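Ligands are counted one by one from 1 in listed order, and the atoms in each one are counted from 1 as well. Counting begins at 1 with the first residue of the sequence. Treat the numbers as computed from the prediction; the structure is a model and nothing was measured.
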Amino acid sequence: MRKSLIGVDLGGTNVRVAGVSLQGEVFHRRKESTERECGKEVVIDKLIRMVRRALEREKREGRKVVALGVGVPGVILVRRGIIVSSPNLPDWLNVPLKKMIRKEFSLPVVVENDANAAAFGEKWIGAGKGSNSLVCLTLGTGVGGGIILDGRVWHGEDGMAAEVGHTTVNPDGPQCKCGNTGCLEVYASATGIVSEVRRRLKREESVLKKSFQGREDLFRAEDVFRAAKKGDRVSLKVIEQMGRYLGIGIANLVNLFNPDMVVLSGGVTAAWKDFIEIVEEEVRVRAFVIPRERAKIRKARLGDNAGLIGAAGVALQAVRGKD
Ligand SMILES: [Zn+2]
């Protein structure tokens, strides 16, 4: 009988469950809205029901599921499979998710932070396929990170490693919601880009001002990228600044970890052509020659499947490690 995996991506908006091959190929995928406002019991019931359905389908299609991986945003104690806290699921405090899933299905279960799972997915079959050590940065609403060292997710002692978005790239920079100032996230996230543009619109001219007259709170990072393509100076300046600080952050990572690759994912990569040269130049100026020549900077390949595939991948690694 062929073997397979189940990957789960438990997000604040959607729960997604997939049947995944041992090579990382997605056989089928199902998505339902999380309905987190109904409370964690309802969400867990939904997750169990979706997993049961996926297991039945795997069986019907002649495959035996050997492990199940769940990616969740927040602080996770991976060895015990406990969700300590999650910014996207506020009532999830110290939830022993691994135990709860194992009670329903007699399967090896791994619970992993979603950004770590996405990094593992990209390393396994995405942009970082074939690499051994990789850093993945998700430039979305915030800036998430995942670090793979010698083929394994690096968790840190409290499961809090790889908070790359909250490393300081400018000590005199704006306040970050984490309490620090000048974090990478205030420059390289969609939210950061929008607030920087908004700040500049108060004293500079821009096409954004004209198209969003009096409704500046409505524009989004995509509008900034579109304006930059048309040559809007404010948008270009903000993206340039973003590239500079992202480059500083990446140069630090390159010197610290000497990875094969730095993978960038998330909505902000839509402006790739406008920032990548600035990022590369900053890394060239700041990092040592050997690690910077090693570390290729690449765009992620798996899109929003990265977490799902990666969760299945870490579960497979866990069962293989026991062989
Ligand atoms: Zn911060």
Next item on the list: Taking all heavy atoms of Asn305 and all of Arg16, pick out the closest pair and write down the distance.
Entry: OD1-NH1, 4.3 Å
Check: When you measure from the side chain of Glu122 to the backbone N and O of Arg301, does any donor-acceptor pair fall under 3.5 Å?
Finding: yes
Notebook entry, point to check: Arg294 versus Asn258: any side-chain heavy-atom pair under 4.5 Å?
Noted result: yes
Margin query: Testing the basics here: between Tyr187 and Pro174, what is the closest heavy-atom pair and its distance to 0.1 Å?
Written below: OH-CD, 3.2 Å
When the side chains of residues 130-148 are checked against the rest of the protein, which donor-acceptor pairs come out under 3.5 Å, sequence neighbours left out?
residue: Ser131; atom: OG; partner: Gly128; partner atom: O; Å: 2.5
residue: Asn132; atom: ND2; partner: Asp150; partner atom: OD1; Å: 3.3
residue: Ser133; atom: OG; partner: Asp150; partner atom: N; Å: 3.1
residue: Thr138; atom: OG1; partner: Ser265; partner atom: OG; Å: 3.2

Notebook entry, point to check: What protein N/O/S atoms sit under 2.8 Å from the Zn ion (ligand 1), by chain and number?
Noted result: His166 ND1, Cys176 SG, Cys178 SG, Cys183 SG
Note to self: Contact between Leu89 and Leu10 at the side-chain level, heavy atoms closer than 4.5 Å - yes or no?
What the structure shows: yes
